[in-house]
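All remarks here apply to the structure that follows.
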There are 2 protein chains.
Amino acid sequence: MEVHSGKVVQLSGPRGVCCDCSQFQLCLPLDLGEADIRRLEALMQRQRRLARGTVLYRSGDRFRALYVVRTGSLKTFTLSRDGEAQITGFHMAAEMVGLDAVSIGTHPCEAVALESSTVCEIPFDDLENLSRELPGLQRQLLRLMSREIFHDHEMLQALTRRSAEERLAIVLMNFSRRFARRGLSATRFRLPMSRNDLSNYLGLAPETLSRLFRRFQEQGWLEGRGKEVVLLRPDAIQEMAN
Amino acid sequence: MEVHSGKVVQLSGPRGVCCDCSQFQLCLPLDLGEADIRRLEALMQRQRRLARGTVLYRSGDRFRALYVVRTGSLKTFTLSRDGEAQITGFHMAAEMVGLDAVSIGTHPCEAVALESSTVCEIPFDDLENLSRELPGLQRQLLRLMSREIFHDHEMLQALTRRSAEERLAIVLMNFSRRFARRGLSATRFRLPMSRNDLSNYLGLAPETLSRLFRRFQEQGWLEGRGKEVVLLRPDAIQEMAN
DNA sequence: CGATGGTTTGACTTACCTCAAGAACAGTGG
DNA sequence: CCACTGTTCTTGAGGTAAGTCAAACCATCG
């Protein structure tokens with residue numbers, strides 16, 4: 001699962017923030033020369049600030065760029081014919097958004113900031129051109145997409161074969177891993193999304209999710225007030241997630 | 001959804017069968033010179049025959065090649081810790097298998113022939129190298145992966161927000177479209193997989209699926225004996241699938 | 001022919017959803 | 001700092017879609 005290996009490429013952007021790639025998955029496993037770094041850097045100059053609730057792109061928008069979350073977090077969701085939303089993913093710092101649009105040229109889902117966030121815009125045409133010259137970059141791009149597929153398959157498995165409480169355990173451990181990857185605590189973190197969003201993502205009613213949180217607390221597995229969560233028995237939760 | 005446009009590249013393989021690309025999604029939208037066609041062709045020479053039930057690759061196998069289904073059909077599925085299978089997809093002629101392995105270098109799922117089938121093997125390293133020189137090929141590769149993500153998201157939506165009968169309607173129309181795309185009848189076809197596999201894919205108990213088929217027949221929407229299916233009211237089924 | 005595995009049917013159970021009503025919370029403005 | 005309003009979250013009661021279990025049925029196929 002972890003593709004984070006190899007030399008870390010440190011990029012410093014124009015304002016010294018945008019292109020600090022120590023977290024950004026697209027650069028990480030690359031081993032580029034100074035000149036190549038500059039070129040990749042050039043693609044990532046454009047940065048956008050998003051207030052909570054801001055739409056990054058809408059379903060149906062023309063696909064022009066991929067985005068890397070720099071700070072904060074986003075959710076992506078599809079809207080069915082009758083306006084029902086289905087959340088397809090949450091995207092935290094260092095993660096990429098928009099990969100599902102490459103195929104059809106328009107965004108099949110909508111991306112919205114869950115909190116005040118910043119994202120880095122990468123024009124796709126330019127990225128594609130550059131990746132033609134940098135084999136490592138090309139491979140990494142494919143890897144990211146493949147990883148997305150892999151994740152979706154895990155999610156499919158979870159949503160069909162697992163009980164509600166198993167799903168909660170799975171998603172909790174998933175977040176735990178993603179926070180840990182960024183050097184944050186694996187047992188004490190803040191879920192950036194509402195209970196509603198989370199229940200939607202898990203294919204459950206909000207009421208069911210609420211009851212599950214209570215049950216987990218009664219069992220002494222976690223403590224949570226609001227969005228803050230402390231995992232007291234990560235081993236037990238992991239066991240449940242299997 | 002349909003990326004099938006542009007000039008059709010006709011390739012004739014060594015035995016005159018392997019590389020007839022009129023159906024193969026990787027070549028379709030390309031506009032290549034004679035020399036390039038030969039090179040792409042060269043990647044696809046290796047063909048494998050699979051008897052029903054034959055394993056193409058196992059979960060955990062080192063990832064070396066992608067496969068294109070030439071005839072017959074395959075299923076792919078993941079195995080959870082405790083041996084439970086979750087079918088992630090059915091793959092018919094002209095469709096590609098193995099894309100989810102690019103990320104981690106090993107196959108995360110297992111591929112098995114549903115009937116006597118043939119597949120075309122494409123060594124991934126070679127494909128990657130060639131795609132560096134042929135921009136159209138590179139883009140098409142990304143597109144295929146993105147389409148897979150798109151499909152998975154649709155599936156996620158179906159499995160969480162839709163009732164059992166809606167799911168059946170969705171999958172029936174999906175197959176209908178895929179058969180039609182290959183020039184076969186959209187209303188009269190043979191489902192290559194067992195009821196068990198189909199129910200697993202839809203996240204339902206086999207019994208539930210059986211009852212659904214009966215209900216659809218009672219309503220005069222379809223007729224089916226065994227794996228043969230005739231859609232009598234595709235409009236109604238489409239309506240249900242929404 | 002019986003043996004094997006897939007499929008159907010019926011009776012019963014249950015995990016989760018729905019509905020409805022409070023409770024906690026987050027802004028907003030006084 | 002406190003009302004006030006709207007929103008999100010929790011809790012309870014009751015219903016139902018789909019799962020489970022068990023048995024009968026039906027195809028292949030040696």
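Throughout, a chain's letter reflects where its sequence line sits, starting with A, and its residues are numbered from 1. Just so you know, these numbers use all the heavy atoms, side chains as well, and skip hydrogens, waters and symmetry mates.
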> For DNA chain C, which residues in residues 207-226 of chain B have a heavy atom at a distance below 4.0 Å?
Replying inline: Glu207(B), Ser210(B), Arg211(B), Arg214(B)

>> Would you say that Leu50(A) contacts Arg48(A) through its side chain, given a criterion of any heavy-atom pair below 4.5 Å between the two side chains?
In response: yes

>> Testing the 3.5 Å rule here: is there a donor-acceptor pair between the side chains of Glu110(B) and Thr76(B)?
In response: no

>> Using whole Å, what does the distance between atom C1' of nucleotide dA17(D) and atom CZ of Arg161(B) come to?
In response: 15 Å

>> If we ignore hydrogens and angles and just use 3.5 Å, is the side chain of Asn242(A) paired with the main-chain N or O of Glu239(A) as donor and acceptor?
In response: no

>> With a 3.5 Å distance limit and no angle check, can you tell me whether Ser176(B) reaches the backbone of Asn174(B) through a side-chain donor-acceptor pair?
In response: no

> For His153(A) and Asp100(B), what are the C-alpha separation, side-chain angles and deciding distance, and is it a side-chain contact (heavy atoms from CB on, under 4.5 Å)?
Replying inline: CA-CA 9 Å; His153(A) 285 178; Asp100(B) 54 352; 3.6 Å; yes

>> What does the B/S/- profile of nucleotides 23-30 of chain D look like, 5' to 3', with a 4.0 Å heavy-atom cutoff to protein?
In response: --------

Which pairs would a plain distance check flag for residues 183-194 of chain A, meaning a side-chain donor or acceptor within less than 3.5 Å of a matching protein atom at least two apart in sequence or in another chain?
from	atom 1	to	atom 2	distance (Å)
Ser185(A)	OG	Thr187(A)	N	3.1
Ser185(A)	OG	Thr187(A)	OG1	3.4
Ser185(A)	OG	Arg188(A)	N	3.0
Ser194(A)	OG	Asn196(A)	N	3.4
Ser194(A)	OG	Asp197(A)	N	3.1

>> In this structure, how many angstroms lie between the C1' atom of dG19(D) and the CG atom of Asn196(B), rounded?
In response: 14 Å

> Can you tell me how far P of dT8(D) sits from CG of Leu191(A), to the nearest Å?
Replying inline: 17 Å

> Can you check whether Val119(A)'s main-chain N or O pairs, donor with acceptor, with Arg70(A)'s side chain at less than 3.5 Å?
Replying inline: no

> So Tyr57(A) and His107(A), would you call those rings parallel, tilted or perpendicular, with 30° and 60° as cut-offs?
Replying inline: parallel

> What is the bend of the helix from dT7(C)-dA24(D) to dG30(C)-dC1(D) when you compare the axis at one end with the axis at the other, using five pairs each and rounding to 10°?
Replying inline: 50°

> With a 4.5 Å limit on heavy-atom distance, are the side chains of Ile237(B) and Leu231(B) in contact?
Replying inline: yes

> Do the rings of Phe90(B) and Phe175(B) sit parallel, tilted or perpendicular, given the 30° and 60° boundaries?
Replying inline: tilted

>> Rounding to an integer number of Å, can you tell me how far Lys227(A) NZ sits from dT8(D) C1'?
In response: 9 Å

> Roughly, in whole Å, what's the span from CZ in Arg52(A) to C1' in dT8(D)?
Replying inline: 10 Å

>> Please determine whether side chain to side chain donor-acceptor pair (under 3.5 Å) holds for the pair Thr78(B) and Gln86(B), giving the CA-CA distance in whole Å, both sets of side-chain angles, and the decisive distance to 0.1 Å.
In response: CA-CA 5 Å; Thr78(B) 58; Gln86(B) 164 64 31; over 6 Å; no

>> Reading DNA chain C from 5' to 3', where do the contacts with chain B start and stop? Cut-off is 4.0 Å to heavy atoms.
In response: dT7(C) to dA11(C)

> With a 4.5 Å limit on heavy-atom distance, are the side chains of Ser199(A) and Thr208(A) in contact?
Replying inline: no

>> Listing request: all salt bridge (charged side-chain N to carboxylate O under 4.0 Å, His left out) pairs with a residue in residues 156-166 of chain B, at least two apart in sequence or in separate chains.
In response: Glu84(A)-Arg161(B), Arg162(B)-Glu166(B), Glu165(B)-Arg215(B)

